[in-house]
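We count residues from 1, following the sequence as given.
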Amino acid sequence: MSVEARADLVVRLERRAAEVGFGLFGVTDVEPSAHMGFYQQWIDEGYNGEMAYLARPDAISRRADLGETMGSIR
């Protein structure tokens, strides 16, 4: 997708989000997370509490690289 096409799409999505009542809207790249060390420490210290799904290997892997969750859209 060209830079111009992406910019146009973002503008259209932003307008539509406002139309349907979203107060905030954002777009980001699908890059590996730079915060996985913090997240792993958070899990290791048990801050996920009873939310065991947050500590599953597949869940951690998806959070490490959003591209895995979104499919290969890079």
Side-chain angles (χ1 to χ4, degrees):
M1 177 179 290
S2 73
V3 173
E4 294 81 15
R6 178 187 161 111
D8 180 59
L9 176 60
V10 169
V11 168
R12 290 186 300 139
L13 288 170
E14 186 172 32
R15 286 182 186 148
R16 183 65 181 138
E19 287 172 7
V20 298
F22 281 84
L24 294 173
F25 171 83
V27 175
T28 187
D29 289 325
V30 186
E31 299 295 329
S33 175
H35 305 283
M36 284 312 295
F38 172 81
Y39 185 74
Q40 188 62 59
Q41 181 179 357
W42 186 83
I43 293 294
D44 292 345
E45 292 179 13
Y47 289 122
N48 58 307
E50 295 180 11
M51 298 178 289
Y53 65 92
L54 292 174
R56 287 190 332 242
D58 64 311
I60 292 171
S61 177
R62 283 194 313 272
R63 283 170 178 77
D65 187 353
L66 187 57
E68 187 174 323
T69 299
M70 301 302 295
S72 193
I73 60 173
R74 292 184 193 157

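The hydrophobic cluster around V11 extends to none of the other residues, as no ILVMFWY side-chain heavy atom falls under 4.5 Å of it. Residues M1, L9, V10, L13, F25 make up the rest of the hydrophobic cluster containing V27, defined by ILVMFWY side-chain heavy atoms closer than 4.5 Å, directly or through other members.
Going from atom OG of S33 over to atom NE2 of H35 covers 5.5 Å, rounded to the nearest 0.5 Å. Taken from CE in M36 to CG in D65, the straight-line distance is 10.0 Å, to the nearest 0.5 Å.
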Could you pull out all donor-acceptor pairs under 3.5 Å where a side-chain atom in residues 45-54 meets a protein atom, sequence neighbours excluded?
unit_1	atom_1	unit_2	atom_2	d
E45	OE1	Y47	OH	3.4
E45	OE2	Q41	NE2	2.9
N48	ND2	M51	O	3.3

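A donor-acceptor distance shorter than 3.5 angstrom exists from the side chain of R63 to the backbone of A59, with no hydrogens or angles considered.
Residue A55 comes nearest to I60 through the heavy atom pair O-CD1, 3.4 Å, listed as atom of the first residue, atom of the second, then distance.
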